[in-house]
Number of protein chains: 2
Amino acid sequence: MKKKLSIVDIANSLNISKTTVSFILNGRAREKRISEELVERVLKYVKEVGYKPNSLAKSLRTGKSNIIGLLVQDISNNFFATIARQIEDRAYKNGYKIIYSSTDNDTQKTQELIAMFRDRHVDGYIIVPPEGIEEDISSLIKDGLPVVLFDRYLPGVETDYVVVDNLFSTYNATRYLIDKGYKNIAFISFNNQQTQMADRLNGYKKAITQSNLKTNIKEVDFYQDEKLMTEPIQAFLNEHQEIDAILFGNNHLGTCGLKVLRNLDKKIPEDVALICFDDYEVFELCNPPVTAIAQPIDAIADKVITLLLNRLNTSVENGVKQQVILTTDLRVRKSTK
Amino acid sequence: MKKKLSIVDIANSLNISKTTVSFILNGRAREKRISEELVERVLKYVKEVGYKPNSLAKSLRTGKSNIIGLLVQDISNNFFATIARQIEDRAYKNGYKIIYSSTDNDTQKTQELIAMFRDRHVDGYIIVPPEGIEEDISSLIKDGLPVVLFDRYLPGVETDYVVVDNLFSTYNATRYLIDKGYKNIAFISFNNQQTQMADRLNGYKKAITQSNLKTNIKEVDFYQDEKLMTEPIQAFLNEHQEIDAILFGNNHLGTCGLKVLRNLDKKIPEDVALICFDDYEVFELCNPPVTAIAQPIDAIADKVITLLLNRLNTSVENGVKQQVILTTDLRVRKSTK
DNA sequence: AATAAATGCTAAATCGAGTTATTTCTGGTA
DNA sequence: TACCAGAAATAACTCGATTTAGCATTTATT
């Protein structure tokens with residue numbers, strides 16, 4: 001096992017001080033008036049022996065890690081995985097690495113993860129925040145650490161964030177169903193108070209009440225286990241045979257819903273029409289394909305990482321936080337009349 | 001911004017030496033004959049002020065980081081995302097964190113990532129290896145670093161790895177099609193020499209030639225861009241109208257294939273039967289659902305992380321590497337007669 | 001010629017831990 | 001009283017970098 005070279009080894013080999021080596025490698029040669037000749041000699045030698053500074057030591061000294069912490073709800077969910085992927089690419093291109101983890105929307109787990117990230121001197125945070133995490137986020141911000149939220153935001157906390165116009169999206173989708181003549185439109189969503197879900201619910205409510213129809217809302221708890229998710233949905237649909245259209249709150253609910261409808265042998269769109277929040281390969285390929293509210297995944301990822309990189313580069317902590325609200329796209333397919 | 005406490009602060013507050021604090025916190029109190037009374041006093045104070053050792057400094061000194069490097073081909077692919085998720089869970093439960101990245105199956109990118117992981121003193125590696133990475137992996141192993149590969153292995157390199165029985169899986173699936181009476185069975189795969197793809201191809205070939213049928217193989221290049229993937233497949237199918245069944249080499253090819261077949265208005269299974277390697281929500285939900293060769297995702301993730309944790313815990317570097325070969329499950333659905 | 005300024009480089013401190021070698025104290029024994 | 005063993009704790013070094021403050025030497029200025 002070849003021992004790794006340190007900056008001292010380099011300095012000794014060249015009979016100069018490690019200070020000089022450090023200055024040269026950090027591009028401060030000119031500023032420190034180190035001769036061209038020596039700079040070249042050092043750079044050449046460093047390249048020759050393939051010396052790479054130990055980044056742990058560097059981080060310890062500088063307090064910077066060139067690492068971005070990414071906390072999504074669930075990396076195995078297509079929506080988050082795709083965004084994570086794009087953030088990762090951009091981060092690498094800008095010299096940052098990613099440490100990621102899934103929060104499961106679990107407050108305590110998220111708190112622990114944030115603590116771990118801090119401990120590792122992560123330079124910036126990208127977080128899909130669960131409920132009850134306000135204080136921890138505020139504390140990060142108070143300490144001057146760049147934080148960008150996405151998918152949802154925390155009403156009490158002033159941060160940069162990137163979300164979509166959830167309320168208008170479901171309002172619009174619901175209107176679409178109403179205009180098609182559906183009368184008993186259900187909304188199936190998760191049982192939580194996060195902004196994205198609350199807004200989606202409100203968009204639906206607004207459209208329904210505006211048209212003097214009756215809302216019909218089913219909120220289910222989130223479980224990893226599929227059975228625990230499909231059962232309450234199935235029970236709900238059995239109980240409400242009058243439903244002629246369903247709006248699902250996200251892709252996970254949508255796929256569960258599709259399975260339930262298949263179990264119940266419901267024809268789409270004859271028996272029941274469908275629209276789902278979030279687009280997903282499944283909705284494109286299933287038969288009939290499902291109309292979906294597509295979030296602009298590329299744009300979300302792009303905005304998130306751009307915001308964060310800006311914060312990281314402008315060491316100035318200008319207090320103005322940016323809120324980005326992107327629009328969605330109703331991709332009409334054959335799951336409605 | 002509250003300054004973070006260091007071990008020196010703790011020591012000063014208690015009027016003792018930081019050495020003592022360090023010994024106590026690292027469970028070496030008894031060994032170092034430190035009085036019960038002092039141990040308790042220190043632990044109590046540490047808990048009280050919430051002191052956490054700086055893990056960068058710790059890593060620098062000890063050379064251990066408690067981080068596992070995870071390199072998958074593409075984190076946005078469901079197969080890898082799901083496995084990554086489970087590995088992540090197990091790792092956290094055992095006190096390890098994950099740094100992950102997607103390799104894109106790009107050798108150079110992977111080399112850079114491995115270099116970065118090394119640089120960060122990652123304790124162990126889980127890698128889905130691209131072609132041409134043999135030397136880098138060997139070098140890790142030579143230096144005593146635990147490495148576990150999965151999904152495929154590197155024939156020239158002796159490592160721990162976890163794969164499935166690809167050859168038997170496609171052999172079996174192809175036989176299934178043959179037994180159903182299909183005569184012109186095509187195999188659509190990626191154009192690369194990796195073991196998993198080679199074995200899948202060989203399983204198909206073996207079954208076909210055993211039955212005196214003709215092989216019909218299309219190998220396409222991998223592209224992120226969907227058009228570039230579907231076009232050659234579409235051209236191939238147009239050219240070979242005689243094909244009555246298709247075996248896809250993985251889930252990505254399978255979904256591309258489904259899109260092509262939809263474009264071409266082919267009825268499944270009347271015009272053409274399908275089996276796809278890898279199961280995926282899409283195949284379960286599309287209509288008709290697609291028969292798939294399901295990899296045992298849970299078992300793969302479990303074996304991978306178990307192997308690695310074992311290596312990490314038994315500091316003994318016993319030379320015997322473990323090869324785990326798991327079996328797949330043919331999930332028959334209605335995409336064949 | 002004496003002094004000031006610019007040039008080129010470096011010794012030593014520092015980040016926050018872990019670890020080695022050593023010191024101090026206590027009590028018992030010769 | 002002198003000496004020693006073990007108990008209890010610590011000073012000082014180390015990991016590998018960055019950074020501060022400063023030392024020679026050369027060149028320019030008066």
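Protein chains get the first letters and strands the later ones, always in sequence-line order, with residue 1 at the start of each. Reckoned from all heavy atoms, side chains included, excluding hydrogens, waters and symmetry mates.
- For E131(A) and T107(A), the side-chain atoms include no donor-acceptor pair closer than 3.5 Å.
- Rounding to the nearest 0.5 angstrom, the gap separating the CD atom in Q323(B) from the CD atom in E158(B) is 7.0 Å.
- Rounded to an integer number of Å, the gap from I34(B) CD1 to dA7(D) C1' is 11 Å.
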Determine whether K93(B) and D89(B) satisfy the following criterion, salt bridge (charged side-chain N to carboxylate O under 4.0 Å, His left out), listing intermediate values before the conclusion. CA-CA 6 Å; K93(B) 278 185 193 132; D89(B) 283 348; 5.6 Å; no

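- Remark: Y51(A), K52(A), P53(A) in residues 41-53 of chain A come within less than 4.0 Å of DNA chain D through at least one heavy atom.
- Base pairing in DNA chain D yields stems of at least 3 consecutive Watson-Crick or G-U pairs, both distances under 3.5 Å, namely C:1-30 with D:1-30.
- For the pair I10(A) CD1 and dA17(D) P, the computed distance is 9 Å after rounding to whole Å.
- Between N12(B) atom CG and dG16(C) atom P the separation is 13 Å, expressed in whole Å.
- Side-chain N/O atoms of D104(B) and S102(B) include no donor and acceptor closer than 3.5 Å.
- Looking at R118(B) and S139(B), their side chains do bring a donor and an acceptor atom within 3.5 Å of each other.
- The main-chain N or O of Y161(B) is never found under 3.5 Å from a side-chain atom of T159(B) such that the two would form a donor-acceptor pair.
- Taking atom CG of L5(A) as the reference point, atom C1' of dA17(D) lies 14 Å away to the nearest angstrom.
- Judged purely by distance below 3.5 Å, without hydrogens or angles, the side chains of R120(A) and S59(A) never pair a donor atom with an acceptor atom.
- Nucleotide dG16(D) holds its P atom 9 Å from the NZ atom of K4(A), rounded to whole Å.
- Counting any heavy atom pair closer than 4.0 Å across all strands shown, L38(B) reaches sugar-phosphate atoms only and no base atom.
- In this structure the side chain of I305(B) reaches within 4.5 angstrom of the side chain of I68(B), judged on heavy atoms.
- Note: I83(A) CD1 to D302(A) CG = 11.5 Å, rounded to the nearest 0.5 Å.
- Against DNA chain C, the stretch residues 18-32 of chain B makes heavy-atom approaches under 4.0 Å through K18(B), T19(B), S22(B), F23(B), N26(B), R28(B).
- A search for salt bridge (Lys or Arg N to Asp or Glu O under 4.0 Å) contacts involving D136(A) returns nothing, not counting sequence neighbours.
- Of the residues in residues 57-67 of chain A, those placing a heavy atom less than 4.0 Å from an atom of DNA chain C are L60(A), R61(A), in numerical order.
- Computed from coordinates, the R33(B) CZ to dA7(D) P distance equals 5 Å when rounded to whole Å.
- Taking 4.5 Å as the limit, every side-chain heavy atom of L56(A) sits out of range of all side-chain heavy atoms of K58(B).
- Rounded to an integer number of Å, the gap from CD of E40(B) to C1' of dA8(D) is 17 Å.
- Looking at N105(A) and Q194(A), their side chains do bring a donor and an acceptor atom within 3.5 Å of each other.
- The phosphate of dC9(C) (OP1 or OP2) has a side-chain N or O of S35(A) nearer than 4.0 angstrom.
- Here dT14(D) presents its C1' atom at 15 Å from CG of L56(A), a figure rounded to the nearest Å.
- Not a single ring pair (Phe, Tyr, Trp, His ring centres under 6.0 Å) links F117(A) to another residue, sequence neighbours left out.
- Counting only distance, with no hydrogens or angles, the side chain of S65(A) and the backbone of H121(A) share a donor-acceptor pair below 3.5 Å.
- Closest to the side chain of I7(A), out of dA17(D), dG8(C), dT10(C), is dA17(D).
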